[in-house]
Amino acid sequence: MSDSQELGITESKEHATGEWYAEVIQKAKLADYAPMGGFIVTRPRGYELWERLQNHLDSWFKDTGVTNAYFPMFIPESYLEKEKDIVEGFDPEVAWVTHGGYDELEERLAVRPTSESIITPFLAQWTRSHRDLPHRVNQWCSVVRWEATETKPFFRTKEFLWQEGHTAHEDGDEAWDEAMTRLDQYEKLYEDVLAIPVLRGRKPDHDKFPGADTTTTVEALMPDGKSVQGATSHYLGQSFAEAYDVTYVDEDEAERTAHTTSWGLSWRSLGALVMTHSDDQGLVLPPALAPEQVVIVPIWQEDTKDEVLEYAEELALDLDEEFRVHLDDRDERNPGFKYNEWELKGVPLRIEVGPHEVDDEEVTLVHRPDGETETVDRDGLDEAVGDHLDAVFAKLKADAEENLEENVREAHSREDILGTIGQHGGYVKAPWCGDEDCEDPIKEAIAAEIVMVPMDPDEDPIGDECAICGEEATETAYFAKSY
């Protein structure tokens with residue numbers, strides 16, 4: 001097999017999406033499969049994407065009063081059982097530790113599937129007075145959910161990286177505002193950093209986080225017509241505070257029960273990023289997350305090598321303070337190979353420099369998403385590069401917005417829902433009576449489900465009768481297949 005064949009993507013995004021995705025993940029050096037089924041090894045390049053995403057979100061959290069902490073990955077079974085909904089909701093997914101070395105443990109330890117049951121007891125310890133509130137803590141960690149069987153890197157693995165925030169407040173309004181602040185930040189991350197538009201809503205009651213009052217979500221539509229739950233923010237009400245005794249003394253010396261929230265985003269966001277923007281040439285990355293925002297590829301013959309390389313090195317130095325720049329001056333690879341390699345790795349902008357550019361004091365800029373090329377003067381190059389990176393982001397966002405806008409459709413009968421999702425994929429919104437049983441005929445027929453309903457529970461449904469059973473509709477349900 002030649003270098004170019006080994007480097008290139010052989011599967012089609014349109015016709016073999018799953019195989020194409022796995023190939024991009026591996027050949028772009030984001031991840032490999034681990035020896036244990038259901039787990040992956042995140043390679044340095046993939047982890048750098050997670051770090052850059054994390055840096056954006058973490059700074060926004062801290063700007064709004066959140067501090068980071070870390071809690072044990074093992075949760076005593078007795079702690080988990082205090083919140084019965086947590087136990088029931090995660091029971092098939094929990095991995096249990098029963099032995100330490102050769103000794104059987106007196107109490108089983110759960111490998112955290114989520115951390116409400118280990119964090120909330122400490123919020124209770126730290127809370128005495130209304131002056132102690134609000135608490136806002138977040139941790140960046142991994143969780144384990146053993147139910148995953150068919151591994152898709154970043155989308156579905158038994159262990160995955162995420163952040164989970166937990167807060168406690170004096171009243172419900174403040175806790176609700178907290179949950180909405182986090183949902184706003186998740187929406188901002190997808191739209192302004194990942195260049196992925198999202199729909200925001202809440203989960204139907206039967207699909208809420210176990211024990212939550214309300215679960216809100218941002219949903220992203222993938223090019224294959226499936227939805228990704230991008231992040232969730234939960235208003236937990238007082239159920240967890242009651243279970244773990246998170247109480248405080250108010251200004252009137254009366255004992256009150258706190259209201260809590262939790263909210264999280266996982267590296268599924270990286271899967272959505274790869275799936276949304278990448279193509280049959282490989283990975284495509286938005287500038288904010290790309291490990292290299294700009295790659296400079298010098299093009300020379302033996303008689304022009306010195307002057308071309310010197311010019312390219314000067315360009316790299318000029319741009320290095322403002323951008324993440326890589327100069328590819330390898331002797332053993334020709335320019336065509338370098339172009340293919342950096343396209344595969346998703347670098348947003350390529351600068352080509354040959355003897356003509358040196359003579360004219362110019363550079364040639366090439367956009368990764370579509371190959372658009374423009375020659376610009378070296379003078380003012382830093383400003384031009386910034387403008388072109390902005391243009392690359394705008395292209396990615398516009399394509400994703402077009403995909404979303406074209407793939408939200410209405411249906412008013414079971415047959416319409418099934419036919420529309422079956423033919424087009426995407427989201428189908430339909431009037432719904434609120435009964436979970438009405439989801440079953442859709443789920444059983446085409447494995448689609450209700451991924452969200454409108455944020456405002458008082459919003460009028462788009463029709464008077466439930467599309468499934470014909471009873472009075474109480475809200476609008478968005479059906480979709482999902483990852």
Side-chain angles (χ1 to χ4, degrees), residues 3-4 6-9 24 27-30 43-46 48-49 51-52 195 273 277-279 281-396:
D3 283 341
S4 59
E6 186 177 345
L7 185 67
I9 301 298
V24 170
K27 288 191 173 180
K29 299 183 177 179
L30 302 184
R43 300 187 63 173
R45 192 171 185 81
E48 184 171 349
L49 295 181
E51 285 182 314
R52 293 194 179 283
L273 175 74
H277 299 310
S278 302
D279 58 25
Q281 281 67 55
L283 188 64
V284 177
L285 294 173
L289 294 191
E292 306 89 2
Q293 295 171 308
V294 183
V295 62
I296 301 173
V297 179
I299 308 161
W300 69 77
Q301 303 295 332
E302 278 306 312
D303 60 333
T304 59
K305 179 177 180 180
D306 290 343
E307 63 187 60
V308 168
L309 279 178
E310 181 181 355
Y311 187 75
E313 288 166 359
E314 291 171 356
L315 295 177
L317 285 172
D318 290 346
L319 295 172
D320 187 56
E321 285 190 11
E322 193 168 347
F323 306 101
R324 297 187 291 278
V325 182
H326 178 78
L327 170 60
D328 189 347
D329 57 0
R330 290 175 292 176
D331 256 334
E332 71 276 12
R333 296 298 189 191
N334 64 42
F337 182 93
K338 294 176 183 179
Y339 296 166
N340 291 334
E341 181 176 4
W342 293 111
E343 285 178 357
L344 173 63
K345 290 183 175 180
V347 178
L349 190 65
R350 184 170 75 241
I351 293 180
E352 298 174 3
V353 177
H356 293 302
E357 281 84 3
V358 176
D359 291 341
D360 296 337
E361 292 198 352
E362 294 176 335
V363 299
T364 298
L365 305 179
V366 184
H367 293 191
R368 169 63 182 89
D370 57 4
E372 180 183 342
T373 301
E374 183 177 340
T375 300
V376 301
D377 292 336
R378 176 180 175 177
D379 186 33
L381 179 60
D382 55 347
E383 185 176 345
V385 166
D387 290 342
H388 280 264
L389 289 174
D390 289 344
V392 167
F393 177 89
K395 289 178 181 179
L396 299 180

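In this chain, numbering begins with 1 at the start of the sequence shown.
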If we only count heavy atoms from C-beta on, is the [X] to [Y] side-chain gap below 4.5 Å?
X      : Y      : value
Val385 : Ile351 : yes
Val376 : Leu381 : yes
Leu283 : Lys345 : no
Leu285 : Leu49  : yes
Leu389 : Phe323 : yes
His367 : Leu349 : yes

Between [X] and [Y] (side chain of the first, backbone of the second, donor and acceptor by atom type, cut-off under 3.5 Å), is there such a pair?
X      : Y      : result
Arg350 : Val297 : no
Gln293 : Pro287 : yes
Lys338 : Asp328 : yes
Asn334 : Gly336 : yes

Which atoms form the tightest heavy-atom contact between [X] and [Y], and what is the distance?
X      : Y      : value
Trp300 : Asp329 : CH2-O, 4.1 Å
Leu327 : Ala316 : CB-CB, 4.4 Å
Ala195 : Phe393 : CB-CE1, 3.5 Å
Leu289 : Arg52  : O-CD, 3.3 Å
Pro298 : Ile296 : CD-O, 3.5 Å
Val284 : Pro369 : CG1-CG, 4.5 Å

Salt bridge (charged side-chain N to carboxylate O under 4.0 Å, His left out) between Glu341 and Arg333: does it pass, once the steps are laid out? CA-CA 10 Å; Glu341 181 176 4; Arg333 296 298 189 191; 5.6 Å; no
Working to the nearest 0.5 angstrom, can you tell me the gap between [X] [atom1] and [Y] [atom2]?
X      : Y      : atom1 : atom2 : result
Arg45  : Lys29  : CZ    : NZ    : 9.0 Å
His388 : Glu383 : NE2   : CD    : 10.5 Å
Leu309 : Ile299 : CG    : CD1   : 11.5 Å
Leu319 : His326 : CG    : NE2   : 14.0 Å
Gln281 : Tyr339 : CD    : OH    : 15.5 Å
Glu292 : Trp342 : CD    : CH2   : 4.5 Å

Taking side chain to side chain donor-acceptor pair (under 3.5 Å) as the cut-off, I'd like each qualifying pair that reaches into residues 311-321, sequence neighbours left out, listed once.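 For residues 311-321, and leaving out neighbouring residues, the side chain to side chain donor-acceptor pair (under 3.5 Å) pairs sorted by first residue read Glu314-Arg378, Asp318-Arg378.
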For side chain to side chain contact (heavy atoms under 4.5 Å, CB included), just list the numbers for Val353 and Val308, CA-CA rounded to whole Å, side-chain angles, deciding distance to a tenth of an Å, and then say yes or no. CA-CA 7 Å; Val353 177; Val308 168; 4.3 Å; yes
In terms of heavy-atom contacts, does CD of Glu51 have more than 12 from other residues, nucleotides or ligands at under 6.0 Å?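 It does: Glu51 CD has more than 12 such atoms within range.
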Scan residues 353-368 for pairs that pass salt bridge (charged side-chain N to carboxylate O under 4.0 Å, His left out), counting only residues two or more places apart or in two chains. Asp279-Arg368
